[in-house]
Amino acid sequence: RTGGGSLLVFVYLLAVRLLGASGLIILTFGVLRATRARTAADLGALETLNWGPVVGAEVVLGNGGEFLEIERDAFSAGTEVRVGRAVARGRAALVD
């Protein structure tokens, strides 16, 4: 009689573990997307400052990002990039 009860507890614990692992996987993919967005935004801003917005856009696209916004003046550049749901801003500036 107790064998059925312990089997139920084992199945319950296994289900809890699997759900916890799937939550970690979802969290991990979210962190990876956010990191890719930050990297694409930073590289896009740097390349926009150095080579112009066309090259900056190519770098962002090459890193899996999508341009949302770009700004540039003589001494700085900024980008806003999306990768999946993650959105990040990058900034680059010339310094003395």
Minimum heavy-atom separation for Thr79 to Phe67, with atom names? CG2-CE2, 3.3 Å

Would a single hydrophobic cluster contain both Leu49 and Phe75, if residues Ile, Leu, Val, Met, Phe, Trp and Tyr are joined by side-chain heavy-atom contacts under 4.5 Å? yes

How far does CG of Asn63 sit from CG of Leu43, to the nearest 0.5 angstrom? 5.5 Å

Taking all non-hydrogen atoms of both residues into account, name the closest pair between Ala45 and Ala77 and its distance. O-CB, 3.6 Å

Please enumerate all residues that pass side-chain hydrogen bond (donor to acceptor under 3.5 Å, both in side chains) together with Arg36, with sequence neighbours excluded. none

Below 4.5 Å, heavy atoms only, C-beta onward: do Val87 and Val81 meet side chain to side chain? no

Test item: side-chain donor near acceptor, Thr39 and Asp42, under 3.5 Å: no

Heavy-atom closest pair (Ala37 atom, Ala86 atom, distance to 0.1 Å) is CB-O, 3.9 Å

Per the salt bridge (charged side-chain N to carboxylate O under 4.0 Å, His left out) rule, what does the pair list look like for residues 60-72, sequence neighbours excluded? Glu66-Arg82, Glu69-Arg89, Glu71-Arg91

Which heavy atom in Gly65 sits nearest to a heavy atom in Val83, and how many Å separate them? CA-CG2, 3.6 Å

